[in-house]
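Chain identifiers are assigned alphabetically (A, B, ...) following the order of the sequence lines, protein sequences preceding nucleic acid strands; residue numbering begins at 1 within each chain. Values below: every heavy atom of this structure, side chains too, minus hydrogens, waters and symmetry copies.
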There are 2 protein chains.
Amino acid sequence: MTERVAASSGRSGRRKRPTMLDVAREAGVALRTVSRVVNEDPTVGAHLASRVQAAITALGYAPDERAQQLRRGTSGTVGAAVRNLADAHPVLSAVDHAAREAGLAVLAMSTEDDEHREREAVMSMCRRRVDGIVIEPIGTSHDYLSGELAAGLPLVAVDRPTGGVEADAVLSDNAAGIGMAYRQLALHGHRRIGYIGDDERIFTGRERAAAFRACVAASGGPLDGMTHPGVFSPARISAALTAVLTGPAPATALITGNVETTIEVLRHLGADAGRVALVGFDDFPLADILRPGLTVVAQNSAVIGRTAIDLLVARSADPARPVQTVTVPVELIPRGSGELPPPD
Amino acid sequence: MTERVAASSGRSGRRKRPTMLDVAREAGVALRTVSRVVNEDPTVGAHLASRVQAAITALGYAPDERAQQLRRGTSGTVGAAVRNLADAHPVLSAVDHAAREAGLAVLAMSTEDDEHREREAVMSMCRRRVDGIVIEPIGTSHDYLSGELAAGLPLVAVDRPTGGVEADAVLSDNAAGIGMAYRQLALHGHRRIGYIGDDERIFTGRERAAAFRACVAASGGPLDGMTHPGVFSPARISAALTAVLTGPAPATALITGNVETTIEVLRHLGADAGRVALVGFDDFPLADILRPGLTVVAQNSAVIGRTAIDLLVARSADPARPVQTVTVPVELIPRGSGELPPPD
DNA sequence: TCAGCGTGAGATAACGTTATCCCGCAAGCT
DNA sequence: AGCTTGCGGGATAACGTTATCTCACGCTGA
C-alpha cells in the first residue's frame with residue numbers, strides 16, 4: 001500500500017460554519033428575513049432578496065437541516081433497513097427513487113441479517129426521527145417497535161411481514177411463484193422435482209416450501225426426500241443436493257428457494273449444471289450470462305419499492321388507516337435451465 | 001397485485017413523542033437530571049438514576065438525535081456517496097463496518113452515475129452537517145465543494161480522485177493490475193491481446209488504458225486495433241469485440257477494463273466464452289460460477305473502505321494535515337478464463 | 001386631512017437537547 | 001460553632017432554525 005503525500009501543506013484549520021445570523025449581518029438585514037429568502041417566502045422584496053442571496057453565496061451558507069427539522073417537526077427522511085448494503089439491492093434502489101419523487105431522502109442502513117443489528121439500526125432511525133421506516137425484517141419479533149407504532153411511526157415491511165406487531169407489508173406472491181416454477185418444469189416433462197430452500201423459521205422459506213409441497217401433492221408427484229428447506233450453509237446445500245439427485249429415484253429437476261441457495265447449488269453442480277433442470281426463486285444480475293441461462297421466478301422489485309413508499313406516505317397522511325398487506329405478482333423468466341428436458 | 005386489509009381498525013392517531021421534559025415530570029426530577037442519566041453522567045445518584053430509567057422505559061422515550069447533534073455541534077455521521085445503491089457494493093459495506101467501529105453512522109446515498117445527482121447528494125449531506133464524506137466521484141469538477149473543504153469538511157475520494165479540489169483519496173493500483181492481467185495472458189502463450197474498457201475521460205478508464213498500452217509496448221506486441229476504451233454501451237462493446245476478434249490478426253485474449261464491460265463482453269461471447277482467454281478488471285460475486293471461471297484482477301474493497309474511514313478520521317482530528325493519496329494493491333485471481341491457451 | 005389597510009420586515013418565542021453556573025446540604029477542619 | 005470543601009442536582013442559556021406577533025410605512029378613499 002503506497003502513500004503519497006501532496007506537496008501542498010493542506011488546508012487551514014476548520015473555521016466555524018456560517019449561520020443564518022452571519023448571513024443576516026453580511027446582508028444588513030434581520031435574521032428572519034434571511035429565513036424568508038431561504039424558504040422563498042414571496043413577501044420579501046426583490047431588491048432585498050437579491051442582496052441576501054449575494055450574502056449567502058459570498059459566505060457559502062447552507063442551512064442546517066437538523067435545525068430545520070427540529071423546528072419544523074418533520075425530518076423529510078425515511079429509513080430503509082435492508083439485509084446487506086454490500087449486496088445488489090434492486091428494492092432499495094426502487095425505494096430510493098420513489099422516495100425522492102415524494103420529496104423524501106433515504107437513510108439506508110444494513111441489518112447484516114442479524115436481529116440485534118436490525119434493532120440497533122431501527123432504533124437509530126427512530127432517534128433521528130425519520131418520518132417512516134421501510135424494513136426487510138430479520139428478527140421474528142418486532143415488539144420493541146410497538147411503542148413507536150402506537151406513536152404513529154409509519155412502518156412498512158418488505159419481503160416478509162413483521163412479527164408480533166401489526167404493520168403494513170409488501171410481499172411477493174411466493175405461492176404463485178413456486179407454482180409457476182413447478183408447472184414450467186412439469187410442462188417440460190419432469191416428474192421428480194426437488195426443492196432446496198431457506199429455513200422454515202423464515203417467512204419466505206416457510207411459504208415457499210409449503211407451496212412446493214402443495215404443488216407436488218396436487219400433481220401426484222413423489223414427495224419423499226424431495227423437500228429440503230433448512231438453515232443456509234454450503235454444507236447443508238451440498239448434502240441436500242446429494243440426497244435429491246442420487247438414490248433409486250433421483251430428481252431430474254430442481255427448484256431453489258432463494259438467491260443464496262441457487263448460487264450455492266450452481267457452484268456445487270459446476271460442469272453438471274446443464275444436466276439437471278433448475279428454476280431459481282429470485283432473479284439476480286448475472287443469471288442471463290450463465291450457460292444454460294438460468295430460468296428464474298423474478299420478483300418485481302420496482303413495484304415492491306414503489307408500493308412500500310406509497311404505503312408509507314399513505315400512513316403518514318392517515319395514521320389511523322387500517323393495516324394493509326399488498327401482494328405483488330412475480331414473473332417466470334425462462335432462460336434455458338428450466339426448459340431442459342429430463343434425461344431419458 | 002392483491003391488497004388485503006386487516007380486520008383490526010389500525011392504530012390511534014399519532015400522539016406527540018415524549019421529550020426529556022416529559023420524562024423529568026414523570027420521574028419528578030429536573031430536566032437536566034434526565035439528560036445526565038441519558039448521558040451516563042456519574043454524578044447522579046443511583047437511586048435517582050433508576051427512577052429516571054423507569055420513567056424512560058415507561059414513556060418509551062428515545063432522545064432526539066437532531067437536537068443532540070445541534071447542541072453538541074457534531075453529528076457522528078459520515079456520508080457515503082456511491083454510484084449506485086442498487087449494485088453490489090463491497091466498498092460501501094467495508095466503509096459501513098469501519099465507520100461503525102469508529103462510532104460513526106453512515107448516511108449512504110446514490111449518485112446514479114450522474115454529476116448533477118452527485119452534487120445534490122453531497123450538498124444534502126453537507127446540510128445534514130455530516131462529519132465527513134466518502135465519495136466515489138462521478139463529476140470531473142468538484143469545485144462546488146471548495147468552500148466546504150476550506151471550512152474543514154473531511155472528504156475522501158474512493159476509486160477515483162476528485163477534480164479541481166485537493167482531497168484525500170484511496171485508489172486501486174490500476175497500472176499494476178493491468179500489468180498482472182497482461183503478464184498472466186502472456187504467460188499462457190498469448191501474443192495478441194486486446195483491451196476493451198471505460199471512457200478515457202474517466203480516471204480509471206484513462207489509467208487502465210494507458211497501462212495497457214505501456215504493457216503492449218514493453219512486450220513488443222501489436223498495438224494497432226487492440227485498444228478500445230470508450231463510453232459504455234452494449235453497441236460499442238459489441239463493435240469493439242468484433243474489431244478485436246476478427247480480421248487478419250485477431251486477438252486471442254482480452255482484458256476488460258471494468259465490471260460492466262466484462263459482463264457485456266461475456267454476454268456477447270455467449271457460448272464462445274471458452275474460446276477466447278479473458279481477464280476482467282474488478283471481481284464480482286458470481287465470477288466463480290461461470291464456466292470457465294472468470295479470471296479477474298480483484299480490488300481489495302475491505303482495505304479500501306477501511307482506509308477511507310481512517311483517512312477521514314485522521315483529517316477530522318487534524319484538518320491541517322497534508323492531503324494524502326493511498327494506493328491499495330490489487331490481486332490476480334486465476335479461475336480459468338485467463339489461463340486458456342491460444343488456439344494453435 | 002386622517003382613518004383604514006395592506007405590505008414588507010424586525011423582535012421574540014419556541015423546537016429538544018447539553019453546558020455552564022450556581023445553590024443547598026452534609027461532612028470535615030480549626 | 002463557624003468555615004471550608006465536596007457533591008448531588010436544579011435554573012438558565014445556548015445550538016440554528018421557523019412561526020407568531022408586532023410594527024412602521026406608504027397608499028387609498030371619504
Round to a whole Å and report the spacing from [atom1] of [X] to [atom2] of [N].
X: Leu70(B); N: dT18(C); atom1: CG; atom2: C1'; answer: 10 Å
X: Arg71(B); N: dC15(D); atom1: CZ; atom2: C1'; answer: 6 Å
X: Arg32(A); N: dA24(D); atom1: CZ; atom2: P; answer: 19 Å
X: Leu21(B); N: dA14(C); atom1: CG; atom2: C1'; answer: 13 Å
X: Arg66(A); N: dT17(C); atom1: CZ; atom2: P; answer: 15 Å
X: Asp41(B); N: dA19(C); atom1: CG; atom2: P; answer: 9 Å
X: Glu65(B); N: dC15(D); atom1: CD; atom2: P; answer: 21 Å
X: Arg127(B); N: dG16(D); atom1: CZ; atom2: C1'; answer: 15 Å

Looking at the side chain of [X], which of [options] is the nearest nucleotide?
X: Thr33(B); options: dT17(C), dT18(D), dG10(D); value: dG10(D)
X: Ser35(A); options: dA9(C), dG16(D), dT18(D); value: dT18(D)
X: Thr19(A); options: dG10(D), dT18(C), dG16(D); value: dG16(D)
X: Leu48(B); options: dT17(D), dG10(D), dG9(D); value: dG9(D)
X: Gln68(A); options: dT18(D), dG10(D), dT17(C); value: dT18(D)

Q: Going by the side-chain hydrogen bond (donor to acceptor under 3.5 Å, both in side chains) test, name the single residue among Glu118(B), Glu148(B), Glu115(B) that passes it with His142(B).
A: Glu118(B)
Q) Can Thr74(A) and Arg129(A) be counted as having a side-chain donor-acceptor contact under 3.5 angstrom? A) no
**Q.** Residue pair Asp131(A) / Ser316(A), side-chain donor-acceptor N/O under 3.5 Å
**A.** no
Q) Quick one: on DNA chain D, does Arg72(B) or Leu31(B) contact a more 5' nucleotide (nearest heavy atom)? A) Leu31(B)
Q) When you measure from the side chain of Arg83(B) to the backbone N and O of Glu112(B), does any donor-acceptor pair fall under 3.5 Å? A) no
Q. Can Asp64(A) and Arg127(B) be said to form a salt bridge (charged side-chain N to carboxylate O under 4.0 Å, His left out), step by step?
A. CA-CA 5 Å; Asp64(A) 188 324; Arg127(B) 283 195 302 273; over 6 Å; no
(Q) At less than 4.0 Å, is any side-chain N or O atom of Thr43(A) found next to OP1 or OP2 of dG8(C)? Yes or no. (A) no
